[in-house]
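So the structure is just underneath, and the comments pick up after that.
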Amino acid sequence: MAEALAVERLRAGYGKMVVLEDVSFAARPGECLAVVGRNGVGKSTLLTTIMGHTTLHGGAIRLAGTEIHRLPIERRVEAGLGYVPQEREVFASLTVEENLAVAARPGEWTAERVYALFPNLAARRSNRGSQLSGGEQQMLAVGRALMGNPRVLLMDEPSEGLAPVIVESLRQAIAELARTTNLTVVLVEQNTRFALALAPRTLVMNRGRIVHDGPSAELAADGDALARLIGLDQPAAAAGGV
């Protein structure tokens, strides 16, 4: 079976500025994979490069065996990529129902299935995006991505700024996705504990490169090793969001 997502020797950034250097990894169908590391090491840039928002300087991206790195963003979505941005970017003036409808593509994911995954949204389906809490906006951003019926879902910092009870609700929903569907999830997270508890496999990034790829349980059990990997030659005051 072809890998759901494969990234090969990726080199990318913003204009002439290169952020990612020689990044390679692959994810299987149905796999949940976490990407962790300090702010500014290239985690978010990895996701935006896969989606086509950055300047590609070299390497390849394959979705189910098909090269997509030369495709425009909309064609990547049609090919089966879904994306939950760090800023959520829900449509403030549209209702929950309308936010989901604008992203709908044929497939198993419907509004009612999203509501079953996130009951809070079902209760607020007539509310506008601007009337939702931060946690509800995050649920809506995930639900909207699912409405595109992707085969690979990229999630950028889904737990950021959320109350612990909402983070746990979100963790349960993502875990259910991984358990009950063949959806591949690539999760970028600053909340390392959340990421390691959710994803069986974790990549650690530093200075635009992958410096570790292995079982999450091993990292969770060895805090010193995790601290060394995440802190590897990386200034604590590095800019966030890259």
Side-chain angles (χ1 to χ4, degrees), residues 1-10 12 19-38 41-54 59-66 68-69 76-77 79-86 138 141-142 145-146 148 150-160 167 170-206 208-222 225-226 229-230 242:
M1 181 182 292
E3 294 154 333
L5 176 68
V7 169
E8 217 172 74
R9 306 204 66 174
L10 203 62
V19 176
L20 303 178
E21 287 276 11
D22 197 30
V23 172
S24 298
F25 72 92
R28 302 183 307 273
E31 184 174 13
C32 184
L33 172 67
V35 183
V36 302
R38 299 180 86 167
V41 299
K43 304 186 306 296
S44 294
T45 300
L46 175 60
L47 297 193
T48 54
T49 297
I50 294 170
M51 281 304 303
H53 290 288
T54 64
I61 304 168
R62 294 191 300 274
L63 191 66
T66 300
I68 64 168
H69 52 276
R76 300 185 196 205
V77 173
L81 272 183
Y83 180 49
V84 182
Q86 185 176 4
Q138 185 63 73
V142 175
L146 292 172
R151 65 181 78 191
V152 174
L153 182 63
L154 310 175
M155 306 183 71
D156 195 356
E157 304 277 9
S159 74
E160 184 180 37
V167 170
L170 189 64
R171 186 199 65 78
Q172 291 177 9
I174 299 171
E176 182 177 343
L177 282 177
R179 184 175 62 251
T180 62
T181 74
N182 205 37
L183 181 68
T184 300
V185 177
V186 180
L187 172 82
V188 158
E189 257 300 336
Q190 194 68 24
N191 183 339
T192 306
R193 180 178 298 179
F194 174 84
L196 296 180
L198 182 58
R201 176 181 161 211
T202 294
L203 308 181
V204 181
M205 291 191 68
N206 182 268
R209 297 176 182 269
I210 293 173
V211 296
H212 177 85
D213 180 350
S216 301
E218 292 181 4
L219 286 177
D222 191 343
L226 178 61
L229 284 166
I230 290 181
V242 175

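No hydrogens, no waters, no symmetry mates; every other heavy atom, side chains included, goes into these values. In this chain, residues are counted from 1 in sequence order. All figures in this text were calculated on a predicted structure; none of them were measured in a lab.
- Between the Arg76 side chain and the His69 main chain, a donor and an acceptor come within less than 3.5 Å of each other.
- Glu21 contributes atom CD, which lies 10.5 Å from atom CZ of Arg9 (distance to the nearest 0.5 angstrom).
- Contact record, Leu226 with Leu196: CD2-CD1, 3.8 Å, taken as the closest heavy-atom pair.
- Defined by atom type and a distance below 3.5 Å, a donor-acceptor pair is missing between the side-chain atoms of Gln190 and Glu160.
- The CD atom of Glu31 sits 11.5 Å away from the CG atom of Asn182 when rounded to the nearest 0.5 Å.
- Across every non-hydrogen atom of Ala34 and Ala195, the tightest pair is CB-CB, 3.9 Å.
- Note that the CE atom of Met205 and the CZ atom of Arg38 stand 15.0 Å from one another [nearest 0.5 Å].
- Counting only heavy atoms from C-beta outward, the side chains of Leu46 and Val188 never approach each other to under 4.5 Å.
- Closest of all the heavy-atom pairs between Leu170 and Ser159 is CD2-N, 4.4 Å.
- The CG atom of Leu187 lies 12.0 Å from the CZ atom of Arg171; values are rounded to the nearest 0.5 Å.
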For this session: Assess whether side chain to side chain contact (heavy atoms under 4.5 Å, CB included) is satisfied between Ile61 and Leu5, documenting all intermediate values.
Result: CA-CA 7 Å; Ile61 304 168; Leu5 176 68; 4.1 Å; yes
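- Side chains of Leu219 and Val204 form a contact here, defined as non-hydrogen atoms less than 4.5 Å apart.
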Exercise. What do the steps show when you test Leu20 against Thr54 for side chain to side chain contact (heavy atoms under 4.5 Å, CB included), and what is the final call?
Worked result: CA-CA 10 Å; Leu20 303 178; Thr54 64; over 6 Å; no
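- Partner of Leu154 under the side chain to side chain contact (heavy atoms under 4.5 Å, CB included) criterion, chosen from Thr184, Val186, Thr48, Val35: Val186.
- Interatomic distance, Leu146 CG to Leu183 CG, rounded to the nearest 0.5 Å: 6.5 Å.
- A heavy-atom distance below 4.5 Å is found between the side chains of Val77 and Met51.
- Residues Val152 and Ala4 share a closest heavy-atom pair of CG2-O, 3.8 Å.
- Glu3 contributes atom CD, which lies 9.0 Å from atom CD of Glu8 (distance to the nearest 0.5 angstrom).
- Side chains of Ser44 and Glu157: no donor on one and acceptor on the other come within 3.5 Å.
- Side-chain contact between Gln138 and Val84 is present, with at least one heavy-atom pair separated by less than 4.5 Å.
- Across all non-hydrogen atoms, the minimal contact from Pro200 to Cys32 is CD-O, 3.3 Å.
- Closest non-hydrogen pair, Ala175 versus Leu198, comes out as N-CD1, 3.7 Å.
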